[in-house]
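Have a look at the structure below, then the notes.
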There are 4 protein chains.
Amino acid sequence: MENRIPTPSIAPPDIVRCAYTDLVVTDLERSRKFYVDVLGLHVTEEDENAIYLRSLEEFIHHNLVLRKGPVAAVAALAYRVRTPEDVDVAEAYYKELGCRTERRRDGFVKGIGDSVRVEDPLGFPYEFFYETEHVERLTQRYDLYSAGELVRLDHFNQVTPDVPRGRAYLEDLGFRVSEDIKDSDGVTYAAWMHRKHTVHDTALTGGDGPRMHHMAFATHEKHNIIQICDKMGALRISDRIERGPGRHGVSNAFYLYILDPDDHRIEIYTQDYYTGDPDNPTITWDVHDNQRRDWWGNPVVPSWYTEASLVLDLDGNPQPLTARTETSEMAVTIGADGFSYTRPDYDAGSSSGEAAQGFKIGTQL
Amino acid sequence: MENRIPTPSIAPPDIVRCAYTDLVVTDLERSRKFYVDVLGLHVTEEDENAIYLRSLEEFIHHNLVLRKGPVAAVAALAYRVRTPEDVDVAEAYYKELGCRTERRRDGFVKGIGDSVRVEDPLGFPYEFFYETEHVERLTQRYDLYSAGELVRLDHFNQVTPDVPRGRAYLEDLGFRVSEDIKDSDGVTYAAWMHRKHTVHDTALTGGDGPRMHHMAFATHEKHNIIQICDKMGALRISDRIERGPGRHGVSNAFYLYILDPDDHRIEIYTQDYYTGDPDNPTITWDVHDNQRRDWWGNPVVPSWYTEASLVLDLDGNPQPLTARTETSEMAVTIGADGFSYTRPDYDAGSSSGEAAQGFKIGTQL
Amino acid sequence: MENRIPTPSIAPPDIVRCAYTDLVVTDLERSRKFYVDVLGLHVTEEDENAIYLRSLEEFIHHNLVLRKGPVAAVAALAYRVRTPEDVDVAEAYYKELGCRTERRRDGFVKGIGDSVRVEDPLGFPYEFFYETEHVERLTQRYDLYSAGELVRLDHFNQVTPDVPRGRAYLEDLGFRVSEDIKDSDGVTYAAWMHRKHTVHDTALTGGDGPRMHHMAFATHEKHNIIQICDKMGALRISDRIERGPGRHGVSNAFYLYILDPDDHRIEIYTQDYYTGDPDNPTITWDVHDNQRRDWWGNPVVPSWYTEASLVLDLDGNPQPLTARTETSEMAVTIGADGFSYTRPDYDAGSSSGEAAQGFKIGTQL
Amino acid sequence: MENRIPTPSIAPPDIVRCAYTDLVVTDLERSRKFYVDVLGLHVTEEDENAIYLRSLEEFIHHNLVLRKGPVAAVAALAYRVRTPEDVDVAEAYYKELGCRTERRRDGFVKGIGDSVRVEDPLGFPYEFFYETEHVERLTQRYDLYSAGELVRLDHFNQVTPDVPRGRAYLEDLGFRVSEDIKDSDGVTYAAWMHRKHTVHDTALTGGDGPRMHHMAFATHEKHNIIQICDKMGALRISDRIERGPGRHGVSNAFYLYILDPDDHRIEIYTQDYYTGDPDNPTITWDVHDNQRRDWWGNPVVPSWYTEASLVLDLDGNPQPLTARTETSEMAVTIGADGFSYTRPDYDAGSSSGEAAQGFKIGTQL
């Protein structure tokens with residue numbers, strides 16, 4: 001981990017949670033159909049350039065901004081901080097890191113007040129804010145409750161080439177690691193980090209970056225996720241179901257990955273576990289464990305490893321990508337040079353039929 | 001459909017429903033672990049040679065016999081008939097068809113009385129019985145209710161080379177077709193047929209036969225099926241999850257396919273629909289519709305198309321297989337010469353990227 | 001059982017299932033809000049006098065007709081029969097019973113053809129039909145699937161003074177008893193009877209009759225029923241939730257009773273069990289078993305015992321009521337002269353505190 | 001709020017969450033049957049005097065200690081604090097409050113290290129600890145997952161005469177109020193307070209105190225709670241189901257209240273909402289709103305208002321009770337002098353039938 005991002009001299013801002021994504025889409029009406037008509041997010045307000053959406057149990061102005069633009073990308077991943085002063089702290093913190101920052105007292109988007117946006121050391125556009133307009137929390141509006149209702153924003157997931165480097169930076173920023181994926185050579189493939197009491201507010205996935213891998217909304221129960229699949233089948237857009245549903249090994253959540261009209265990836269997620277204790281045990285998964293990404297051993301589709309959303313700099317231009325130099329998770333788990341196992345006592349050198357048994361992709365083609 | 005199986009001059013027996021499978025396994029203790037410890041079926045009785053199992057809501061003696069034998073295979077697929085006289089009818093019916101039959105007044109297995117077994121025109125060992133020992137129906141024994149509880153035997157599924165030939169024979173026998181899969185050339189790939197008011201008591205899957213493709217148990221709700229996956233993950237036998245969970249296009253049921261220690265395939269199934277009306281509409285699916293087998297467009301694994309269980313003749317010897325001569329479903333839907341679509345207006349001749357988009361296997365490898 | 005209804009000399013019509021209710025409501029728009037906006041039934045067609053509604057998985061024209069009229073009542077309980085000829089049989093059958101009948105070749109309501117309506121020996125307006133317009137079965141229209149979706153009509157429930165008399169009549173008509181409630185003196189309080197393979201197509205509840213106690217729609221899973229409660233809470237009509245949700249002892253179904261704007265009672269119901277075998281065991285419950293009506297021992301509200309909907313004669317006039325002369329279930333289970341127990345070994349003469357413990361109403365007031 | 005408990009000069013300990021209850025039971029074997037065989041809690045360790053139990057997703061030593069003793073009571077409500085030093089802070093904090101404290105470096109119970117117990121200003125035995133033995137977190141042990149699995153300790157609920165007095169004390173201690181129940185005269189009937197990101201770690205219920213109203217365990221989904229009811233029915237202990245299942249108005253959680261063999265009340269609870277933001281909106285319910293305690297308007301049984309568990313002082317003697325002097329919630333909502341409404345625009349002075357309609361107890365008896 002040469003090239004460590006320095007730890008600033010001042011304490012980091014007190015981040016409460018991931019709060020919203022500012023997302024650039026190329027066809028606003030087409031995206032509205034996906035997020036409002038298919039997924040049922042609730043419109044706080046909208047105009048011809050942007051739509052502000054929130055999940056059922058949200059009381060801040062929005063969890064997602066759809067903004068019309070020429071290139072599909074992420075304009076900001078926004079965190080809420082504990083106090084108005086934490087915005088000042090965030091600005092100072094990133095200035096000390098040498099990052100470009102931009103402060104807007106009236107906010108960058110509707111419904112959000114004093115905010116700072118930064119181009120962070122990993123190249124991501126992070127926003128920090130406290131002030132926000134409170135809106136009706138729809139928690140008990142069961143008259144509006146759809147069969148696949150999304151109730152909370154759960155987390156972001158970011159692609160970055162060097163996961164340990166990013167992890168150290170985020171730990172400095174106050175995040176705590178709940179789980180990670182490594183191999184016996186010490187390579188880290190991914191890490192999950194939280195501020196609120198869930199498995200993550202954001203995660204780092206090793207790959208060419210900076211890119212956003214996905215953002216995730218939570219449902220109450222597993223059948224809500226199944227309904228989203230069923231509805232996408234009914235609408236004949238099942239080809240936009242990329243992966244799942246399944247049970248994650250990491251996080252233990254029940255999950256689904258779908259693609260919006262611009263190929264931005266959305267996860268639907270439910271029932272991870274409480275992580276709020278100071279000594280919450282960190283779980284490390286072996287990259288060769290075939291149940292790490294899907295507890296049932298179902299294959300991760302290659303696009304899930306390779307595709308992700310561009311992110312923008314503060315001028316609105318896509319950030320250039322830096323390639324991952326370490327081995328990729330896909331390469332070490334699928335195909336000629338890689339392998340996975342179902343049982344930890346798997347003997348890779350065995351000449352028996354046992355070897356092939358554990359890896360389901362191999363038997364599928 | 002040359003070679004049609006003749007319709008007997010007498011009316012067929014009045015079949016009530018699929019009732020049990022007599023299954024040969026090579027290691028009784030190993031199979032007991034799977035069916036009792038993993039799947040939670042209830043033991044009615046057992047000795048050193050056989051185990052009699054039933055689902056929670058069953059009141060007849062068993063739905064499954066595990067019998068120790070040298071070759072994993074199906075010894076009988078047993079149907080219950082409406083009256084004791086229907087056993088006589090069945091015997092006469094198959095004698096007229098020129099089939100070998102064997103009548104045992106005391107039954108072939110414990111808990112079942114007067115029965116006839118036949119080698120049917122498709123080569124399957126069918127049994128017909130009325131008499132059975134009633135046992136405790138465990139419907140309200142919620143103290144025994146496991147998180148993945150199997151509550152009913154739902155159906156059999158049989159592999160046969162010529163589906164229309166088998167279908168006509170089963171229609172003569174009183175089955176009614178609820179759904180089938182065809183192509184525009186008139187080839188039938190599979191058909192679902194029922195006596196009770198569900199989508200099927202048995203189905204015919206086109207392929208080299210006679211073989212048993214699977215038998216299926218029903219659960220109450222979808223989460224019960226997810227729990228079975230989760231438990232198999234916890235036991236590190238996720239490689240025995242062959243396909244799913246998913247939502248079927250055909251039948252609309254939520255499903256899962258798993259493999260027992262002898263590779264007998266078990267489906268777990270829930271929530272198909274009522275078919276008891278005399279004019280229940282038959283649904284025909286296009287073989288190229290990528291949502292026919294999985295409503296979410298998730299790929300059918302090749303083993304699901306190619307592997308199945310041997311069936312025995314009345315002497316206990318495996319029946320030889322006859323190869324399917326028509327095109328296989330796998331060939332016409334996957335790979336170089338085949339294709340599937342997500343949307344019916346898919347243009348196979350299109351040069352746009354749209355073509356590949358709908359077929360998820362293609363993007364996965 | 002003096003006064004037994006004679007068994008006709010001809011065989012009864014072959015009834016397939018309960019099919020629809022023709023329901024008179026006093027304010028069509030108000031009822032539409034309840035059945036369409038709150039419960040989500042699907043409109044097949046409507047005009048200023050009537051609304052034709054069906055459940056998600058129905059393929060016949062409707063399961064419920066809301067008809068504007070001066071007095072809230074039931075105009076018909078309609079059964080589907082197996083063949084067109086069964087309508088002739090039904091007409092002849094009831095003529096032989098001396099009942100008033102009316103035959104309409106074009107049907108009494110839209111979407112239904114040749115039908116006969118009768119004033120049956122218990123005073124109920126029964127209809128028998130075969131011909132019906134097929135409409136789109138919405139089974140896989142998950143884009144229309146609400147969180148509390150009603151998927152099938154499950155059963156009727158009728159109030160009649162003399163349950164054994166009504167039961168014998170319905171057994172003659174081809175119904176089979178799945179469960180009943182009795183006491184040790186031989187009094188029958190209620191009986192459940194089926195044609196399709198569920199616990200009932202109709203049930204008889206002892207009380208002043210003829211009246212309709214309720215009709216029931218099925219959902220797929222238990223959470224769908226909970227959502228209906230939650231939605232009624234959100235709409236501030238929780239006072240229209242009369243009883244439940246709960247688990248029935250009889251039928252084992254998960255249930256809810258709600259009241260429409262005219263106080264017609266609707267049950268929402270899920271997950272009873274298969275009854276299609278010819279020797280399906282009949283379950284008799286002791287009227288004093290406090291888990292017979294609610295498996296969790298939660299109290300039956302008095303209105304559930306006393307209130308029900310009027311039924312009309314073929315001229316559209318309400319049928320007069322005949323009082324039940326035997327003891328009422330409410331009287332023998334609640335209050336000064338009655339009692340219930342949680343455990344069968346309950347000693348009513350015990351002086352210990354154990355006696356009162358089992359009966360939850362007693363401890364609640 | 002005369003008699004306010006003074007705010008100490010030092011900052012309070014940093015409480016992480018409610019962690020466990022030290023519960024005195026009179027028959028250890030009988031209680032083991034309830035908590036282990038019926039509810040499925042997992043035994044960390046046990047001896048002849050005590051059983052240490054934990055929920056599925058717990059990694060600290062236990063969430064519940066069952067301790068044999070002469071009088072059923074609560075020996076301690078234990079909170080986990082963020083650091084070892086917070087135990088010192090807690091001791092100093094309560095000493096300044098003039099409370100009796102007892103410090104044990106080796107803990108009061110197995111699996112817990114350095115702890116302080118106090119007799120708090122409300123008379124409750126509170127414990128604060130950081131050190132604990134980590135045990136296997138069973139989160140993914142789906143082979144152990146029962147159909148009614150309890151996955152987390154969620155909260156305590158305490159009965160105290162003067163809710164505002166207790167609330168101010170707990171706010172000083174760092175708790176934040178998520179919801180409360182008041183009337184238009186300013187009387188507070190109950191308040192919910194949290195440290196972790198859920199609706200509460202503890203709540204105050206107005207009544208004669210100090211007593212423990214209940215402790216609550218969380219399940220993943222609603223069907224898990226229904227299974228617990230179904231199982232108690234199967235075991236013929238449905239009379240130990242005190243109230244529910246239902247949907248809370250306050251907290252929005254799906255709930256059930258059951259009674260252990262000593263009448264200690266246990267709540268089973270699922271799906272409240274995220275409260276971690278610093279400005280999480282506090283919800284105040286009108287005591288006359290009939291949906292506040294049950295969103296479906298189902299009646300609160302009187303025992304739920306009146307019964308609760310004794311708590312012990314640090315010598316193990318039951319604390320004497322102080323009577324509530326303000327009006328009780330039961331009195332103002334049920335019966336001659338009280339009332340509740342379903343709709344907020346209810347006119348209490350109305351002479352129409354509307355008045356009685358909204359209140360379901362009244363129509364039930």
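Throughout, protein chains are lettered first and strands after them, A, B, ... in sequence-line order, and every chain is numbered starting at 1.
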Check step by step if side chain to side chain contact (heavy atoms under 4.5 Å, CB included) holds for C:D279 and B:R80. CA-CA 11 Å; C:D279 53 348; B:R80 192 154 194 225; 2.7 Å; yes

Residue selection (most heavy-atom pairs with chain B, distance under 4.5 Å) from C:R152, C:K196, C:E57, C:R137: C:R137

Just to be sure I understand the criterion: a residue of residues 171-181 of chain C counts if one of its heavy atoms is under 4.5 Å from a heavy atom of chain B. Which ones qualify? none

Side chain proximity check, C:P278 to B:T83, heavy atoms < 4.5 angstrom: no

Greatest number of heavy atom pairs closer than 4.5 Å to chain C - which of B:T132, B:V151, B:N252, B:I60: B:N252

Highest number of heavy-atom pairs under 4.5 Å with chain B: which of C:R82, C:K222, C:R195? C:K222

At a 4.5 Å cut-off on heavy atoms, which part of C:H134 comes close to chain B: side chain, backbone, both, or neither? side chain

So do the side chains of B:Y274 and C:E58 get within less than 4.5 Å of each other, counting heavy atoms only? no

Expected output: side-chain C:Q140 to main-chain B:G249 donor-acceptor under 3.5 Å: yes

Identify which part of B:E221 has an atom lying under 4.5 Å from any heavy atom of chain C, answering side chain, backbone, both or neither. both

Verdict with supporting geometry, C:T198 and B:H197, side chain to side chain contact (heavy atoms under 4.5 Å, CB included): CA-CA 9 Å; C:T198 62; B:H197 296 167; over 6 Å; no

Heavy-atom cut-off 4.5 Å, strictly under: side chain, backbone, both or neither for C:Y273 against chain B? both

Neighbourhood of chain B inside residues 280-288 of chain C, taking heavy atoms under 4.5 Å as contact: C:N280, C:P281, C:W285

